[in-house]
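A short worksheet on the structure shown next.
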Amino acid sequence: MFKPYNPSEVEARWQQKWADAKIYETDLQKAKKPYYSLVMFPYPSGDKLHVGHWYNYAPADSFARFQKMQGYDVFSPMGFDAFGLPAENYAIKTGVHPAISTAKNVETMIAQLKKIGCMYDWSKTLSTTDPEYYQWTQWLFLEMYKNTLAYKKKGNVNFCPSCQTVLANEQVKDGSCERCGTDVVQKSLEQWFWNITKYSQKLLDGLEDLDWPNKTKIMQQNWIGRSEGCDVSWNVENSDIVLDTFTTTVDTIYGVTFVVIAPDHPMLSKLVSDAERTTVEAYIKQTSKKSEFDRQFGDKVKTGVFSGTYLLHPFTKKKVPLWVADYVLMNYGTGVVMGVPAHDQRDMDFAKKYTLPIIQSIESTSHESLVYDNIDKYSVQGTIIDSGEYTGMKILEGRKKIIDDLQKRSIGKRKILYRLRDWLVSRQRYWGAPIPIVYDPEGKPHPVPEEHLPWTLPTDVEFKPTGKSPLTESKEFLARTENIFGKGWTPEYDTMDTFVCSSFYYLRYLMSVPPLPSGEGLGGREAGKLVDPALEKKWLPVSMYIGGPEHACMHLIYARFVMMALKDFGYVSNEEPFKIVVHQGLITNKGAKMSKSKGNVVSPDSFVAQYGSDVFRMYLMFMGPFEAGGDWSDTGIRGTVRFVDRLWKALLNTKVIQDSALFQAALHRTIKKVTEDIAVLHFNTAISSLMQLLNLLEEKGGCTQESARIISCLLAPIAPHLAEELWLGLGGTGFIIEQKWPTYDPALLVEENMTIVIQVNGKVRGDILVSKDASKEEILTLAKANENVKKWLAAGDMKKEIYILGKLVSLVV
RNA sequence: GCCGAGGUGGCGGAAUGGUAGACGCGAGGGACUUAAAAUCCCUUAUCCUCUCUCUGGAUGUGUGGGUUCAAUUCCCACCCUCGGCACCA
């Protein structure tokens with residue numbers, strides 16, 4: 001008797017069976033062919049899992065399952081990035097302590113995640129808020145401190161007035177806070193930094209060997225922003241002050257007609273002439289009021305004032321005026337720039353506005369352009385002109401010679417500059433790992449000794465953001481510090497950026513961790529080290545890391561830096577954490593990003609309840625290419641529902657018949673196609689080829705049981721529950737996910753007969769069916785005999801006859 | 001401004017030099033049903049031709065050129081959309 005497919009019953013049953021048999025728990029020590037499949041772990045918010053989570057996790061799981069069936073020992077963990085603003089903001093709103101709400105959210109989320117039916121190893125889950133975890137976050141800080149990669153410095157930093165905390169450079173997007181969108185302001189504060197810039201070159205070089213999306217590598221490259229150039233020293237007239245300018249195009253130095261200094265340059269007040277002092281001071285005041293946002297998006301019209309001072313050109317000894325202008329940034333290069341209006345657009349704009357001279361020093365193709373509009377196209381093929389002894393040299397040759405001469409005279413040197421800034425890791429927020437530093441009564445910082453880790457986050461705190469770190473309110477925290485270190489000692493009140501927590505979690509998964517509130521986890525913890533070096537060596541780098549592209553210049557750069565630092569400290573053997581990175585696309589609704597404020601969030605729950613996880617995840621995969629994302633549609637899911645119902649019926653409720661040669665060929669083509677497609681994450685076309693096979697199977701009225709089992713195996717990565725149930729129904733033993741992936745027989749791929757298309761003068765005029773062994777001559781004769789083709793051939797004499805093996809004949813008359 | 005990705009039916013998409021539109025959604029028609037849903041069958045790029053049956057032809061992958069027997073695919077120029085960076089010297 002035929003029983004229709006009942007997803008909710010079937011899926012719940014298999015999820016239970018998998019859990020009971022512990023088939024997804026990986027023995028990290030014993031594994032022979034390790035495959036580390038990782039997705040970016042979520043933060044546990046009070047909201048339900050949304051379509052975006054599913055779109056990330058389900059295909060990633062399908063890929064992991066595919067690898068498992070290929071014979072790998074797949075490790076696929078899941079955890080929670082639970083510190084941070086969402087939980088803290090929720091706590092502020094409701095008054096519930098974040099520890100309580102987070103624990104609750106983690107539990108809810110685990111239940112939801114389990115409904116997807118992913119092959120997660122829940123025995124090795126973790127949460128970054130667990131003291132057992134964050135002691136390692138703190139340990140990492142101490143290691144950085146010990147190795148002088150963590151330091152405290154006062155300076156201008158990004159501050160979000162709404163989140164009431166400082167932010168790292170990477171966390172400012174379009175001049176506003178990455179979290180809440182508020183305009184970021186600059187504040188002068190003393191903060192903790194990690195010296196990521198020390199690794200600039202290494203981070204750049206390492207990119208080359210990574211199998212990452214090209215755009216992500218380019219984004220990191222641009223973020224690191226390497227520029228090769230040199231410093232040039234300028235003597236100030238009637239003074240012994242020397243100003244350095246950085247330039248990448250020193251070959252244009254004879255075109256310098258002015259030099260510009262940033263308004264916040266520390267030497268500026270000493271450089272301004274008395275006559276210009278009032279004007280300059282007014283200008284400095286005016287520009288300092290500009291917010292970061294205005295500086296970036298306000299009118300790009302350049303403003304500036306003359307300082308009244310002149311510099312002496314290092315080659316011509318001519319007087320060059322020093323101007324003050326805010327288009328020169330203090331935090332890049334030397335804060336002083338040589339102005340070459342003829343060959344730099346910004347300098348050109350500035351020179352035109354303040355009628356400064358424009359001197360050409362590189363050969364131009366259209367001279368007018370210099371005077372009226374834009375600068376001439378600067379290309380390294382150009383020739384240097386009007387530049388003393390360098391006249392006539394090609395740009396690159398002249399550039400080298402000029403730097404050499406400057407170095408000889410000790411008034412310049414080669415220099416490589418990076419745009420990357422050190423990572424600001426301290427935050428004036430409550431819900432984070434406390435920075436393990438204490439201050440002695442003189443205010444000098446000392447690391448908290450390791451035996452006091454975890455340096456626990458105090459609980460006697462109101463978590464309202466005031467701009468002051470919430471931990472300052474804790475009586476317990478101060479008392480604890482004085483108890484351990486002595487009277488007058490104070491703790492560091494700032495907590496760490498959550499990106500610190502997520503910079504090493506992929507290592508920590510390898511160590512089993514204590515139970516989560518739900519009782520998950522094995523309960524044992526490898527104490528004493530962040531990661532077992534043998535396991536690290538065996539499992540890292542992560543084989544496949546899937547997550548959003550928004551992390552290109554945040555998490556993905558921090559994690560690489562931390563891994564490199566850990567290697568240098570001697571704790572790990574790998575330099576790079578992630579061998580392959582893939583970004584899933586974005587699922588939109590009616591073309592717009594889903595967001596609560598827009599009210600267009602699609603909840604997976606009702607679809608999953610109605611159709612089951614398999615249908616839902618398969619539909620997401622069928623929508624389009626995984627890396628492209630797509631627009632949500634309610635109706636399209638019907639097609640996947642029909643596919644599942646028809647397949648169920650076709651494999652279990654149709655008579656067993658011998659396969660025709662045609663069907664065998666189709667089956668083996670499908671094995672080939674599905675294998676190749678899943679291997680490159682083209683789930684949409686893998687599914688479509690299974691649909692095609694099903695269409696043929698229905699037409700034929702059945703297949704052998706062996707073929708039915710092969711089809712179930714092909715389905716196992718993408719619809720895991722359904723595939724298990726089919727396998728069981730087809731008399732398979734064991735779990736289908738533990739079966740070997742089907743292989744195809746190349747000999748069976750070719751059909752007996754093939755269709756050859758005939759083109760006349762490039763247009764299709766007919767086709768013929770020939771045996772696969774037909775010779776070229778036979779085929780050409782047959783082609784020319786085709787009725788419709790004859791009509792077109794009559795138009796003229798044959799000029800060319802082309803035969804493409806097994807595909808087409810092209811005739812030209 | 002710079003860097004990157006992309007532009008194909010009513011819609012999601014397939015095809016990376018060889019039959020454009022696989023597969024699916026939607027739509028139209030039919031079968032089943034008292035009826036509806038579900039299911040099944042047929043049609044479905046546009047236009048002309050044929051529509052009793054068989055057809056045959058023109059146009060068509062953002063725009064304009066080019067290479068080729070053959071171009072969605074390769075080359076040149078341009079337009080548009082999306083993502084990232086942005087006064088970085």
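Fair warning: this is a prediction, and the values are worked out from it, not measured in the lab. Residue numbering restarts at 1 for every chain, and letters A, B, ... go by the order of the sequence lines.
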Self-check item: Same-atom distance (C1') from B:A15 to B:A71, integer angstrom
Solution: 13 Å

Exercise. Report the base-pairing partner of B:A5 (Watson-Crick or G-U wobble, both distances below 3.5 angstrom), or none.
Key: B:U81

Practice problem: Could you state the atom-to-atom distance from NZ of A:Lys353 to P of B:C87 in whole Å? | Solution: 17 Å

Quiz item: Out of A:Phe350, A:Phe306, A:Trp323, which residue meets the ring pair (Phe, Tyr, Trp, His ring centres under 6.0 Å) rule with A:Phe258?
Solution: A:Phe350

Exercise. Could you classify B:G9 for me, syn or anti, using a glycosidic angle within 90° of 0 as syn?
Key: syn

Practice problem: Would you mind reading off the distance between A:Ile687 atom CD1 and B:C25 atom P, rounded to a whole angstrom? | Solution: 13 Å

Quiz prompt | Side-chain N or O of A:Arg642 closer than 4.0 Å to phosphate OP1/OP2 of B:U39 | solution = yes

Self-check item: Protein-nucleotide distance (A:Arg226, atom CZ; B:C3, atom C1'), rounded to Å
Solution: 18 Å

Exercise. State, without any angle test, whether A:Ser200 and A:Arg226 hold a side-chain donor-acceptor pair at a distance under 3.5 Å.
Key: no

Quiz prompt | Separation of atom CD1 in A:Ile637 from atom P in B:G26, rounded to whole Å | solution = 12 Å

Quiz item: Does atom NZ of A:Lys353 have more than 12 heavy-atom neighbours, drawn from other residues, nucleotides or ligands, at distances under 6.0 Å?
Solution: yes

Quiz item: Does one side chain, of A:Thr755 or A:Asp767, offer a donor that lies under 3.5 Å from an acceptor on the other?
Solution: no

Self-check item: Distance, P atom - from B:U46 to B:C41, rounded to whole angstrom
Solution: 23 Å

Quiz item: If you look at every strand shown and take non-hydrogen atoms under 4.0 Å, does A:Arg419 touch a base, only sugar-phosphate, or nothing?
Solution: base

Quiz item: Going by atom types only, do A:Asn56 and A:Trp54 share a side-chain donor-acceptor pair under 3.5 Å?
Solution: no

Quiz item: What's the verdict on side chain to side chain donor-acceptor pair (under 3.5 Å) for A:Asn214 and A:Thr216, showing C-alpha distance, side-chain angles and the deciding distance?
Solution: CA-CA 5 Å; A:Asn214 219 19; A:Thr216 310; over 6 Å; no

Practice problem: With a 3.5 angstrom cut-off on both distances, give the Watson-Crick or G-U wobble partner of B:C74, or none if there isn't one. | Solution: B:G66

Exercise. For B:A58, give its Watson-Crick or G-U wobble partner with both distances under 3.5 Å, or none.
Key: B:U46

Self-check item: Footprint string (nucleotides 12-19 of chain B, 5' to 3'): B base within contact, S backbone only, - free, heavy atoms under 4.0 Å
Solution: BSS---BB

Exercise. Could you check how far CG of A:Asp231 sits from C1' of B:A89, rounded to whole Å?
Key: 12 Å

Practice problem: Write down the distance separating the C1' atoms in B:C52 and B:A37, rounded off to the nearest Å. | Solution: 37 Å

Quiz item: Within less than 4.0 Å of OP1 or OP2 of B:A89, is there a side-chain N or O belonging to A:Tyr332?
Solution: yes

Quiz item: Mind checking the P distance from B:U49 to B:G29? Whole angstroms is fine.
Solution: 24 Å

Quiz item: Which pair of heavy atoms, one from A:Thr257 and one from A:Pro321, lies closest together, and at what distance?
Solution: O-CD, 3.3 Å

Practice problem: Verify whether one side chain among A:Ser233 and A:Asp244 offers a donor that lies under 3.5 Å from an acceptor in the other. | Solution: yes

Quiz item: Any luck finding a side-chain donor-acceptor pair between A:Thr245 and A:Trp234 under 3.5 Å?
Solution: yes

Quiz item: Just checking, any donor-acceptor pair under 3.5 angstrom between side chains of A:Arg560 and A:Gln220?
Solution: yes

Self-check item: Of A:Lys173 and A:Phe246, the one whose closest RNA chain B nucleotide lies more 5'
Solution: A:Lys173

Quiz prompt | Atom-to-atom span, NZ of A:Lys799 to P of B:A70 - whole angstrom | solution = 11 Å

Quiz prompt | Distance, rounded to the nearest Å, where A:Tyr418 contributes OH and B:A89 contributes C1' | solution = 17 Å

Quiz item: Do A:Asn169 and A:Asn158 have side-chain N/O donor and acceptor atoms under 3.5 Å apart?
Solution: yes

Quiz prompt | Nucleotide opposite B:C25 in a Watson-Crick or G-U pair, distances under 3.5 Å | solution = B:G10

Quiz prompt | P gap between B:U61 and B:U55, integer Å | solution = 27 Å

Between the protein and nucleotides 58-61 of chain B, list the N/O to N/O atom pairs that are separated by less than 3.5 angstrom.
| from | atom 1 | to | atom 2 | distance (Å) |
| --- | --- | --- | --- | --- |
| B:A58 | OP1 | A:Arg765 | NH2 | 3.3 |
| B:A58 | OP2 | A:Arg765 | NH1 | 3.3 |
| B:U59 | OP2 | A:Lys763 | NZ | 3.4 |

Quiz item: If you find the nucleotide of RNA chain B closest to A:Lys791 and the one closest to A:Arg646, which residue's nucleotide is nearer the 5' end?
Solution: A:Arg646

Self-check item: Atom C1', compared across B:G62 and B:C3: separation rounded to whole Å
Solution: 22 Å

Pick out the pairs of N or O atoms, protein on one side and nucleotides 4-9 of chain B on the other, that lie under 3.5 Å.
none

Quiz item: Short question: side chain of A:Ser387, backbone of A:Ile384 - any donor-acceptor pair under 3.5 Å?
Solution: no

Self-check item: Distance between P atoms of B:C75 and B:G56 (Å, rounded)
Solution: 36 Å

Exercise. Would you tell me whether A:Tyr327 and A:Thr303 have side-chain atoms, one donor and one acceptor, within less than 3.5 Å of each other?
Key: no

Quiz item: Within the pair A:Ser227 and B:A89, is there a side-chain N or O less than 4.0 Å away from OP1 or OP2?
Solution: yes

Self-check item: G-U wobble or Watson-Crick pairing nucleotide for B:U39 (cut-off 3.5 Å, both distances)
Solution: B:A31

Quiz item: With rounding to whole Å, what would you report as the distance between B:G17 and B:U73 at their C1' atoms?
Solution: 6 Å

Quiz prompt | Pair A:Asn695, A:Glu699: side-chain N/O donor-acceptor within cut-off below 3.5 Å | solution = no

Exercise. Scan A:Asn695 against the nucleic acid and name what it touches under 4.0 Å (heavy atoms): base, sugar-phosphate only, or nothing.
Key: sugar-phosphate

Practice problem: Can you tell me the distance, in whole Å, between the CE atom of A:Met618 and the C1' atom of B:C25? | Solution: 16 Å

Quiz item: Within the pair A:Arg638 and B:U39, is there a side-chain N or O less than 4.0 Å away from OP1 or OP2?
Solution: yes

